[in-house]
Amino acid sequence: MALAFPEKFIWGAATAAHQVEGGNVSSDFWALEHAQPSFFHEPSGDACDQYHRFADDIAILAGLGLKAYRFSIEWARIEPEEGAFSQAAIDHYQRCIDHCRARGVSAVLTFQHFTLPLWQARKGGFTDPAFADRFARYCDHAAQRLSGFDIACTLNELNLPVVYAGILERHAGDARFAARLAAAERALGGSIAGNFFGAPPAALLDQGLKAHAMGRDAIKAHHPHIPVGLTLALQDEQAEPGAEHLRDQRREEFYGPFLDACAKDDFIGVQTYTRVVVRRDGSFGPEPGYPLTVMGYEDRPQALAETCRYVWQRTKTPIIVTENGWSGEDDARRGAFIREALTDLHKAMAEGVDVRGYFYWSLLDNYEWLLGYEPRFGLVGVDRTTQARSIKPSAVMLGGIAQANALSVEP
Ligand code: BGC
């Protein structure tokens, strides 16, 4: 039996500039990674050297049968100093888009994926009252010069610091927090609130949402027919009996205002990795005994269909799954995770949830931010010494589903 997907369903894989390109030296994350001591397990360094190897990576993606590549353009490269734009960086990203087109792959551009130019972080990042204006100016500059891309995402997971409040504290562990914070602020040359992971929720709701709206309009002014949306970090929030009101409060705080703000957009980018169970005593987390991934997340592929149902019910806005993935060494489990997620997604779509595409995170084993290179999400492995790529069986499997536009399942 085959579960067929709609004719124009988009099958792809995703990456982000800082996690794969290497040498993103003008960004705030680069500075934080090199602080002593650092919140980061290790620096990003050469990452996957995709800045030079993009043609090979796009060829691998196309060869697998995937139809779309979601990648980000890097503000810190395009505008490394305030108001000083690099034409060479624009030319680079145009070449990436052109390579996609030449291989029949749709290019899905994210304009900001966590990193900021260091100068913007020094001005306070999202807390800077001029943040939205500056982001819109960058979007205008890039969108005016780039052509041939098919879909655009403005900001990646704008709500993430709200969902993972205290993200840096959690990774710093106890007594070392103060020393790491002091070193981070020295390296940044300003408050940690200037970095996305340290951004206060109020700033994301104010300047962040304004930046999304102004960035979207700037992109649309040059590309009126291209769908533009915001991507959000969405966990499947489930309540144990009697804790429904607590679950609803969390949804309201983490997702509500962000979803409402983009309910009129062309699409919402859903990015789901796991489920969280909310308990009557107010605690939350994985269900005790449930299998976990190396990220410490519940290994629960069904979470994706649930977040899509929730987003659709609340917004009635078309959805693109811009990220969903599994980290770990067991590639057979990764393949099974993808199949289970897609089986449930298909069911949600049959119920009427309007999902237009699925992007696996990630095309490559890459730099997982604070955790460094240890967690491996990739469909394609990357040798950390030679940069050699190795295609995993899960990649071939997902490519096969994309080519068939259907998932074969046991009847
Ligand atoms: C982010 C990615 C990250 C992935 C896995 C998402 O929150 O957009 O950059 O690598 O999750 O943790």
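Both counts, for ligands and for their atoms, begin at 1 and track the order of listing. Worth saying up front: this structure is predicted, and the values here are computed from it rather than measured.
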For Met295, the ligand 1 atoms whose distance to one of its heavy atoms is below 4.0 Å | 12 (O)

Which ligand 1 atoms, with their elements, are less than 4.0 angstrom from a heavy-atom of Gln271?
-> 8 (O)

Flag Tyr297 as yes when one of its N or O atoms lies below 3.5 Å from any N or O atom of ligand 1, and as no otherwise.
-> no

Answer yes if the ring centres of His34 and Phe40 are under 6.0 angstrom apart, and no otherwise.
-> no

Atom indices of ligand 1 within 4.0 angstrom of Glu157 heavy atoms, with elements = 1 (C), 6 (C), 7 (O), 8 (O)

Neighbour count >12 (heavy atoms, 6.0 Å) for atom CZ, Arg101 | no

Decide if the gap between the ring center of Tyr273 and the ring center of Phe377 is smaller than 6.0 angstrom.
-> yes

Report yes or no: do His141 and Arg145 form a side-chain donor-acceptor pair below 3.5 Å?
-> yes

Which of the numbered atoms in ligand 1 are below 4.0 angstrom from a heavy atom of Gln19?
-> 2 (C), 3 (C), 9 (O), 10 (O)

Ligand 1 contact on Asn156 by region, counting heavy-atom pairs under 4.0 Å | side chain

Among all protein heavy atoms, pick out the one at the shortest distance from atom 4 (C) of ligand 1; state its residue, atom name and that distance to 0.1 Å.
-> Tyr273 OH, 3.4 Å

Answer yes or no: is there a donor N or O on one side and an acceptor on the other, between the side chain of Tyr360 and the main chain of Trp326, under 3.5 Å?
-> yes

Under-4.0 Å salt bridge between Asp206 and Lys210 | yes

The complete set of ring pair (Phe, Tyr, Trp, His ring centres under 6.0 Å) pairs with one or both residues in residues 248-270, sequence neighbours excluded, reads none

Centroid-centroid under 6.0 Å between Trp11 and Phe9 rings = yes

Nearest protein heavy atom to atom 1 (C) of ligand 1, by residue and atom, and its distance?
-> Glu323 OE1, 3.3 Å

Heavy-atom contacts with Glu368 under 4.0 Å: which atoms of ligand 1 show up? List them by number with element.
-> 3 (C), 5 (C), 10 (O), 12 (O)

Against heavy atoms of Phe377, which atoms of ligand 1 measure under 4.0 Å?
-> 5 (C), 12 (O)

In terms of atom number and element, which parts of ligand 1 are under 4.0 angstrom from non-hydrogen atoms of His113?
-> 1 (C), 2 (C), 8 (O), 9 (O)

